[in-house]
Engineer: 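Quick one: structure below, then a few questions.
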2 protein chains.
Amino acid sequence: MVKKGIKKSEIRSMCPISCTLELVGDKWSLLIIRDMLFFEKSTYNEFLDSGEKISTNILNDRLIMLTERGLISYTGTAKRKRYKLTKLGLELKPIIDAVGSFGMKHFEGSKEYVQQQLKGSGRKTH
Amino acid sequence: MVKKGIKKSEIRSMCPISCTLELVGDKWSLLIIRDMLFFEKSTYNEFLDSGEKISTNILNDRLIMLTERGLISYTGTAKRKRYKLTKLGLELKPIIDAVGSFGMKHFEGSKEYVQQQLKGSGRKTH
DNA sequence: AAAATAAACTTGCAAAATGCAAGTTTATTT
DNA sequence: AAATAAACTTGCATTTTGCAAGTTTATTTT
């Protein structure tokens with residue numbers, strides 16, 4: 001069982017880089033946020049079927065955590081939640097952009113992959 | 001024993017964000033790179049005594065991995081290695097900058113922490 | 001030159017995070 | 001009313017990280 005997900009983590013240091021990585025530096029958070037930012041995903045099942053195949057327990061855990069940490073929030077009923085980025089969550093965009101730029105420059109085929117992905121989604125070019 | 005460190009990872013997807021996170025998205029890589037970028041650290045022991053207290057096995061593992069992946073390289077003898085960022089590694093700066101900016105804006109006391117840290121080091125303001 | 005120190009690892013074991021496959025529970029459709 | 005779907009939950013295996021204590025060879029110190 002995933003008891004508590006990522007540990008409430010007793011702050012490694014007050015370094016802004018370290019703190020930010022403790023907030024969203026796990027294996028999945030930024031990918032979920034990417035899906036919200038670029039592909040306009042908002043529901044559990046939409047997040048579930050992204051290319052990286054997150055598993056259900058982890059997704060559930062991350063959605064709770066990101067919510068607790070004020071990066072996302074939801075509206076709707078318990079069985080039909082719609083998540084969106086909060087003001088704080090939106091401020092992660094520069095990070096995602098920088099990560100994406102590095103990737104598009106250095107991973108062959110990744111730029112094309114993005115184009116493909118955008119075809120099927122809410123078409124958000126930036 | 002840390003057999004292989006972070007798995008050679010069978011690529012989760014061709015998404016540039018996902019690929020980049022597989023490259024440096026573990027718990028320590030970006031902190032080591034931060035130490036090189038901002039604090040001009042270059043040796044095993046210098047990395048060891050950063051505020052976040054990485055343990056020796058993990059540090060060793062990460063240094064090997066970052067080297068294998070072409071983000072850092074070293075000169076000097078086996079017992080006196082000096083690491084530096086490669087051209088590719090330097091291209092991670094925009095990511096670190098974005099992560100740092102978010103942190104300085106949202107974690108109270110983190111900006112002051114940076115000032116403190118810079119006092120004792122090679123004084124690199126940006 | 002011998003002893004002490006230090007730099008760069010290595011080892012073994014424990015704990016935490018992630019992954020996988022298969023449920024369960026209510027709402028919503030058919 | 002039955003089938004489907006959305007949002008979880010559970011149990012267990014694997015991977016990754018953390019901790020404490022070595023080891024080995026170079027460099028200083030005495």
Side-chain angles (χ1 to χ4, degrees), chain A residues 1-13 18 21-32 35-36 41-69 72-84, chain B residues 1-13 18 21-32 35-36 41-69 72-84:
Chain A
M1 186 182 114
V2 178
K3 305 163 188 285
K4 203 80 216 327
I6 287 168
K7 260 180 51 186
K8 199 68 228 169
S9 66
E10 345 57 25
I11 299 160
R12 291 188 285 186
S13 85
S18 178
L21 290 176
E22 280 177 23
L23 191 71
V24 294
D26 68 287
K27 224 169 158 182
W28 291 104
S29 293
L30 286 179
L31 294 180
I32 295 171
D35 284 346
M36 303 180 85
K41 295 189 180 181
S42 64
T43 68
Y44 187 96
N45 281 291
E46 283 171 349
F47 297 130
L48 255 194
D49 71 359
S50 43
E52 296 84 13
K53 300 293 166 231
I54 188 171
S55 44
T56 59
N57 53 346
I58 304 293
L59 173 58
N60 191 48
D61 189 72
R62 277 325 97 93
L63 289 173
I64 290 170
M65 219 186 46
L66 292 171
T67 303
E68 284 175 356
R69 295 181 177 184
I72 66 178
S73 66
Y74 66 87
T75 53
T77 70
K79 289 276 161 197
R80 199 58 64 110
K81 292 180 179 171
R82 299 194 72 80
Y83 291 92
K84 62 180 207 321
Chain B
M1 186 182 113
V2 177
K3 305 163 187 282
K4 202 79 215 327
I6 287 168
K7 261 180 51 187
K8 197 72 228 164
S9 68
E10 345 57 25
I11 298 161
R12 291 188 286 187
S13 84
S18 178
L21 291 176
E22 280 177 24
L23 191 71
V24 293
D26 68 286
K27 225 170 157 181
W28 290 103
S29 293
L30 286 179
L31 294 180
I32 294 170
D35 284 347
M36 301 179 87
K41 295 188 179 180
S42 65
T43 68
Y44 188 95
N45 281 291
E46 283 170 349
F47 298 130
L48 255 194
D49 71 359
S50 44
E52 296 84 13
K53 300 293 165 232
I54 188 172
S55 44
T56 59
N57 53 347
I58 304 292
L59 173 58
N60 192 48
D61 190 72
R62 275 327 95 92
L63 289 173
I64 290 170
M65 218 186 46
L66 291 171
T67 304
E68 284 175 356
R69 295 181 177 182
I72 66 178
S73 66
Y74 66 87
T75 53
T77 71
K79 290 277 161 195
R80 201 57 65 111
K81 292 180 180 172
R82 298 195 72 80
Y83 291 93
K84 63 179 207 319

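All of these numbers come straight from a predicted model, not from anything done at the bench. Naming convention: chains lettered A, B, ... in sequence-line order (proteins, then strands); numbering from 1 in each chain.
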Engineer: Please determine, for the side chain of B:K27, which listed nucleotide (D:dT17, D:dT24, C:dT10) has the closest atom?
Structural biologist: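 Selected nucleotide: D:dT17.
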Engineer: Testing B:L66, B:I32, B:T75, B:I72 one by one against B:Y83 for a side chain to side chain contact (heavy atoms under 4.5 Å, CB included), which residue passes?
Structural biologist: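 Single pass found, and it is B:I72.
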Engineer: Using a cut-off of strictly less than 4.0 Å between a heavy atom of the residue and any atom of DNA chain C, enumerate the qualifying residues of residues 44-55 of chain B by number.
Structural biologist: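 The answer is B:Y44, B:N45.
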Engineer: Would you indicate which nucleotide in D:dA21, C:dC20, D:dC8 comes nearest to any side-chain atom of A:N57?
Structural biologist: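 Out of D:dA21, C:dC20, D:dC8, the nucleotide with an atom closest to A:N57's side chain is C:dC20.
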Engineer: Out of C:dC9, C:dA27, C:dT18, which nucleotide sits closest to the side chain of A:K79?
Structural biologist: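 Among the listed nucleotides, the one closest to the side chain of A:K79 is C:dA27.
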Engineer: Can you tell me the distance, in whole Å, between the CG atom of A:L31 and the P atom of C:dT18?
Structural biologist: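 A:L31 atom CG is separated from C:dT18 atom P by 12 Å.
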Engineer: Are any of the side-chain heavy atoms of A:I54 and A:F47 separated by less than 4.5 Å?
Structural biologist: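 Side chain of A:I54 against side chain of A:F47, heavy atoms only: no contact under 4.5 Å found.
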Engineer: Mind checking if A:T43 touches a base, just sugar-phosphate, or nothing, with heavy atoms under 4.0 Å?
Structural biologist: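 Result for A:T43 = sugar-phosphate.
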Engineer: Starting at the 5' end of DNA chain C and moving along, which residue's nearest nucleotide shows up first, A:T77 or A:T56?
Structural biologist: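 Checking each residue's closest nucleotide, the 5'-ward one belongs to A:T56.
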Engineer: What's the closest nucleotide to the side chain of A:I58 if the choices are D:dG18, D:dC8, C:dT18?
Structural biologist: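 So the side chain of A:I58 is nearest to C:dT18.
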Engineer: Report yes if at least one side-chain N or O of A:R62 is closer than 4.0 Å to OP1 or OP2 of C:dT18; otherwise report no.
Structural biologist: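 For A:R62, the contact criterion (side-chain N or O under 4.0 Å from OP1 or OP2 of C:dT18) is met.
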Engineer: Judged by atom type as modelled, is there a donor-acceptor pair below 3.5 Å linking the side chain of A:T77 to the main-chain atoms of A:R80?
Structural biologist: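 Yes; judged by distance alone, with no hydrogens or angles, the pair exists.
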Engineer: Whole Å only: how far is the CZ atom of B:R82 from the C1' atom of C:dA7?
Structural biologist: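 Rounding to the nearest Å, CZ of B:R82 and C1' of C:dA7 are 12 Å apart.
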Engineer: Between atom CG in A:L21 and atom P in D:dT17, what is the gap in whole Å?
Structural biologist: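 Taking atom P of D:dT17 as the reference, CG of A:L21 is at 13 Å.
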Engineer: Between B:S42 and B:M36, is there a side-chain heavy-atom distance shorter than 4.5 Å?
Structural biologist: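 No, too far: nothing below the 4.5 Å cut-off.
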Engineer: Take atom CG of B:L59 and atom C1' of D:dC19, then tell me their distance rounded to the nearest Å.
Structural biologist: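 Interatomic distance, CG of B:L59 to C1' of D:dC19: 15 Å.
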Engineer: Should A:E22 and B:E52 count as side-chain neighbours, where that means a heavy-atom distance under 4.5 Å?
Structural biologist: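 No - every pair of side-chain heavy atoms lies 4.5 Å or more apart.
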Engineer: Send over the distance from A:M65 CE to C:dA17 P, rounded to a whole Å.
Structural biologist: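 For the pair A:M65 CE and C:dA17 P, the rounded distance is 10 Å.
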Engineer: In whole angstrom, what separates A:R12's CZ from D:dG18's P?
Structural biologist: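 For the pair A:R12 CZ and D:dG18 P, the rounded distance is 7 Å.
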Engineer: Write down the partner of C:dA6 under the Watson-Crick or G-U wobble criteria, each distance required to be under 3.5 Å.
Structural biologist: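 Pairing partner, where one exists within any strand: D:dT25.
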Engineer: Tell me which nucleotide, if any, is Watson-Crick or G-U wobble paired with C:dA15 when both distances must be under 3.5 Å.
Structural biologist: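 Checking every strand shown, C:dA15 finds its partner in D:dT16, with both distances under 3.5 Å.
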Engineer: Which nucleotide, C:dT18, C:dA8, D:dT17, lies nearest any side-chain atom of B:K81?
Structural biologist: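 Taking heavy atoms from C-beta onward, the closest nucleotide is C:dA8.
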Engineer: Would you indicate, yes or no, if C:dA17 has its OP1 or OP2 atom less than 4.0 angstrom from a side-chain nitrogen or oxygen of A:W28?
Structural biologist: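 The answer is no; no side-chain N or O of A:W28 sits under 4.0 Å from OP1 or OP2.
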Engineer: Counting C-beta onward and ignoring hydrogens, is there a side-chain heavy-atom pair between B:E46 and B:D35 closer than 4.5 Å?
Structural biologist: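 Result no, sub-4.5 Å side-chain heavy-atom pair not found.
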Engineer: Is B:L48 close to B:N45 at the side-chain level, that is, under 4.5 Å between some pair of heavy atoms?
Structural biologist: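 Sidechains of B:L48 and B:N45: in contact.
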Engineer: Expressed as a whole number of angstroms, how long is the span from A:K41:NZ to D:dA7:P?
Structural biologist: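 Taking NZ of A:K41 and P of D:dA7, I get 13 Å after rounding.
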Engineer: Using whole Å, what does the distance between atom P of nucleotide C:dT10 and atom CG of B:D61 come to?
Structural biologist: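 It works out to 10 Å between those atoms.
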Engineer: Considering every strand and a 4.0 Å limit on heavy-atom distances, what is the contact class for A:Y74: base, sugar-phosphate, or nothing?
Structural biologist: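 Answer is nothing: A:Y74 stays at 4.0 Å or more from every strand.
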Engineer: Would you mind telling me which of B:L31, B:T67, B:D26, B:V24 makes a side chain to side chain contact (heavy atoms under 4.5 Å, CB included) with B:R62?
Structural biologist: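 The single option meeting the side chain to side chain contact (heavy atoms under 4.5 Å, CB included) with B:R62 is B:D26.
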